[in-house]
Amino acid sequence: QVQLVESGGGLVQAGGSLRLSCAASGRTFSSYGMGWFRQAPGKEREFVAAISASGSSTYYADSVKGRFTISRDNAKNTLYLQMNSLKPEDTAIYYCAANFRFTITTMTSRKSYDYWGQGTHVTVSS
């Protein structure tokens, strides 16, 4: 069992930055991979970024590569998403998720994730 709680969302102007956090509890945090997904109004939930259990490997959707950075602090049981150069199209609810069978081939699929947070809203104004 894992509990995930996101924070850090808000309203920001285009070009600005936000850092999202995801606090985890339950199963040993350093034993599983993590991902960020987002869902815009009327759209499917989509993959944003993922990180391996140790934090040594990271992966990004093309739409955020070079602007977003995923990281984790296993001592603090916390996942982060640093978002820079934000665009209006980044507006969405952002979710963190835990993946107990993390692999490169499945990490972009939301079906491979076992636990989800409640989400945090990010709104980017133009």
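Residues take their numbers from the sequence shown, with the count starting at 1.
- When all heavy atoms are compared, the tightest approach of Ser126 to Ala14 is CA-CB, 4.3 Å.
- Of all heavy-atom pairs spanning Ala24 and Leu4, the tightest one is CB-CD2, 3.6 Å.
- A cation-pi contact links Arg45 to Tyr95, judged by a cut-off of 6.0 Å to the six-membered ring centre and 45° from its axis.
- Remark: Asp114 engages Arg101 in a salt bridge (charged side-chain N to carboxylate O under 4.0 Å, His left out) (not counting sequence neighbours).
- Put simply, Val124 and Phe68 are part of the same group of oily side chains (I, L, V, M, F, W, Y) that touch within less than 4.5 Å, one to the next.
- Between Leu18 and Gly8, the shortest heavy-atom contact is CD2-O, 3.8 Å.
- Rounding to the nearest 0.5 Å places CD of Gln1 at 9.0 Å from OG of Ser25.
- Using modelled atom types, no side-chain atom of Thr123 and backbone atom of Leu11 make a donor-acceptor pair closer than 3.5 Å.
- In this structure the side chain of Ser17 reaches within 4.5 angstrom of the side chain of Gln82, judged on heavy atoms.
- Closest of all the heavy-atom pairs between Arg27 and Ser31 is NE-OG, 3.7 Å.
- For the residue pair Ser109 and Thr106, no side-chain donor N or O sits within less than 3.5 Å of a side-chain acceptor on the partner.
- One N or O on the side chain of Thr78 and one on the backbone of Lys76 form a donor-acceptor pair closer than 3.5 Å.
- Listed here is the closest heavy atom pair of Tyr113 and Gly35: CE2-N, 3.6 Å.
- Scored by the side chain to side chain contact (heavy atoms under 4.5 Å, CB included) test, Lys65 finds Tyr60, Asp62 as partners (sequence neighbours excluded).
- Hydrophobic clustering, with ILVMFWY side chains joined whenever heavy atoms are under 4.5 angstrom apart, groups Ile70 together with Phe100.
- Between Val122 and Leu20 there is a side-chain heavy-atom pair separated by less than 4.5 Å.
- The cluster map of Ile, Leu, Val, Met, Phe, Trp and Tyr, joined by side-chain heavy atoms under 4.5 Å apart, puts Tyr80 and Met34 in different clusters.
- Interatomic distance, Leu81 CG to Ser21 OG, rounded to the nearest 0.5 Å: 9.5 Å.
- The two residues Tyr94 and Arg38 make their nearest non-hydrogen contact at OH-NH1, 2.9 Å.
- In this structure, Glu46 does not pair ionically with Arg110, as no charged nitrogen and carboxylate oxygen lie closer than 4.0 Å.
- With rounding to the nearest 0.5 angstrom, the OG atom of Ser71 is 6.0 Å from the CD1 atom of Ile51.
- Side-chain N/O atoms of Ser125 and Gln13 include no donor and acceptor closer than 3.5 Å.
- Between the side chains of Asn99 and Ser112, at least one donor N or O sits under 3.5 Å from an acceptor N or O.
- Panel note: side chain Gln39, backbone Ile93; no donor-acceptor pair is recorded below 3.5 Å.
- Put simply, Tyr115 and Tyr32 are part of the same group of oily side chains (I, L, V, M, F, W, Y) that touch within less than 4.5 Å, one to the next.
- Of the options Trp36, Phe37, Tyr59, a ring pair (Phe, Tyr, Trp, His ring centres under 6.0 Å) to Phe47 is made by Phe37 and by none of the others.
- Applying the side chain to side chain contact (heavy atoms under 4.5 Å, CB included) rule to Asn74 yields the partners Phe29, Ser30, Arg72; only residues at least two apart in sequence or on another chain are considered.
- Between Phe102 and Ser52, the closest side-chain pair of non-hydrogen atoms falls below 4.5 Å.
- The side-chain heavy atoms of Cys96 and Gln118, taken from C-beta on, include no pair separated by under 4.5 Å.
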